[in-house]
Amino acid sequence: MHIPDGFLSHGLNAATFVVSAGACAYGVKKVNQKFGEKEVPLMGVTAAFVFAAQMLNFPVAGGTSGHFLGAVFSSVLLGPWAALIIMTLVLVVQCLGFADGGLTALGSNIFNMGVVGALGGYAIFWFLYRLSGRSQKGFFVALAVASWFSVVLGSTAAALELAISGTSIIGVGEAIITTTAVSLILKTRPDLVSCFHKRIAPSGLAQEGGVS
Amino acid sequence: MKNQLKGFLWVGLGVSLLLAIFLSPFASPSPDGLEKVAERHGFAEKGEGWTLWKYAPFRDYTLPWIENKKLSTAIAGAMGVFAIFLIAVGFATCLKKGKVR
């Protein structure tokens with residue numbers, strides 16, 4: 001489900017890139033608060049395993065193949081934010097080293113497999129695990145269901161992106177994603193959204209009777 | 001405790017390498033879900049027009065200078081496993097508590 005170059009519109013790729021980059025930046029911060037001596041080699045091994053397992057395409061019905069995603073697997077081992085970073089690193093290596101997934105579609109691929117797969121998959125796992133009262137059986141049921149959903153939701157996101165890119169409603173998707181992304185940035189770092197300040201500034205200037 | 005973790009890590013890395021070397025050459029060559037849909041709806045060629053990054057050394061998980069396709073995939077896979085392991089460890093080392101900010 002690695003999207004190559006040329007499938008998606010540039011606008012959509014740019015939008016998913018912004019969302020993915022924002023999520024990764026937040027992930028780096030989260031991981032930085034948590035990681036100790038133990039997690040460093042574990043992250044290396046988990047990433048290596050995810051990479052190796054993603055090479056193993058197994059046949060699915062109708063002459064199609066699929067492969068292990070590893071998003072929920074990494075989430076449960078190291079937490080969702082570290083999993084997002086693992087998926088991102090794996091996707092970057094696959095893209096630059098093995099021509100698997102396009103460079104322009106990298107943001108979309110990270111969004112589908114990292115943001116939706118790892119973060120979304122973990123949210124489902126966490127919810128079901130809590131619902132089961134944290135029993136051992138509940139843990140594995142939650143793990144299985146979340147893994148299934150991570151692949152299905154990731155593919156759904158990819159399909160949606162293709163649909164959005166393929167039709168003339170590109171603008172709609174663009175608007176939704178950009179608004180979501182910018183509002184997220186506004187909440188955390190309003191100083192990064194230059195246009196938002198420009199709109200407030202003139203009225204402020206007017207009230208002060210002009211600075212110049 | 002520390003030794004147990006070390007053992008687990010070696011096993012994990014070993015398993016990953018074994019998967020890449022001995023199983024990946026026999027992975028299904030069928031198109032994946034996305035490629036299948038692209039073929040069916042006739043937009044597969046859109047992905048073959050141009051690429052931004054043309055310098056991927058191991059295109060399609062093969063070493064271009066090795067004729068034997070299975071051997072080629074095995075070596076490419078093993079190199080990929082080592083590469084991603086080192087990159088992830090390097091990245092995680094930089095992310096360790098107190099390193100950023």
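Reckoned from all heavy atoms, side chains included, excluding hydrogens, waters and symmetry mates. Each chain gets a letter, A, B and so on, in the order the sequences are listed, and its residues count up from 1.
Considering CG of A:Asp100 and CZ of B:Phe58, their distance stands at 14.0 Å, rounded to 0.5 Å. Residue B:Thr93 holds its OG1 atom at 8.5 Å from CD of A:Glu37, rounded to the nearest 0.5 Å. Interatomic distance, A:Thr46 OG1 to B:Phe85 CZ, rounded to the nearest 0.5 Å: 10.0 Å.
Heavy atoms closer than 4.5 Å to chain B are found in both the backbone and the side chain of A:Ile3. If you measure heavy-atom distances from B:Thr73 to chain A, the contacts under 4.5 Å come from both the backbone and the side chain. For B:Val81, the parts lying under 4.5 angstrom from a heavy atom of chain A are both the backbone and the side chain. Heavy atoms closer than 4.5 Å to chain A are found nowhere in B:Phe82, neither backbone nor side chain. Within the 4.5 angstrom heavy-atom criterion, atoms from both the backbone and the side chain of B:Ala76 approach chain A. For A:Val40, the parts lying under 4.5 angstrom from a heavy atom of chain B are both the backbone and the side chain. In this structure, the portions of A:Ala47 lying under 4.5 Å from any heavy atom of chain B include both its backbone and its side chain.
The choice from A:Phe51, A:Phe35, A:Phe98, A:Phe49 that makes the most heavy-atom pairs within less than 4.5 Å of chain B is A:Phe98. Among the candidates B:Pro57, B:Ala20, B:Gly90, the residue making the largest number of heavy-atom pairs closer than 4.5 Å to chain A is B:Pro57. Between chain A and the residues B:Leu17, B:Val15, B:Leu86, B:Leu23, the most heavy-atom pairs under 4.5 angstrom are made by B:Leu23. Note: B:Ala88 leads B:Ala78, B:Ala88, B:Pro25 in heavy-atom pairs under 4.5 Å with chain A.
Between B:Ile87 and A:Val92 there is no side-chain heavy-atom pair separated by less than 4.5 Å. Contact of the B:Phe8 side chain with the A:Leu42 side chain is registered, since non-hydrogen atoms from C-beta on lie closer than 4.5 Å.
In this structure, A:Phe73 places its CZ atom where more than 12 heavy-atom neighbours from other residues, nucleotides or ligands lie under 6.0 Å away. Within 6.0 Å of NZ on B:Lys69 lie no more than 12 heavy atoms contributed by other residues, nucleotides or ligands. For A:Phe149, the CZ atom sits in a loose shell: 12 or fewer heavy atoms of surrounding residues, nucleotides or ligands are nearer than 6.0 Å.
Of all heavy-atom pairs spanning A:Met55 and B:Ser24, the tightest one is CE-OG, 3.5 Å. Listed here is the closest heavy atom pair of B:Leu13 and A:Ala48: CD1-CB, 4.0 Å. Between B:Leu19 and A:Ala52 the shortest heavy-atom distance is CB-CB, 4.2 Å.
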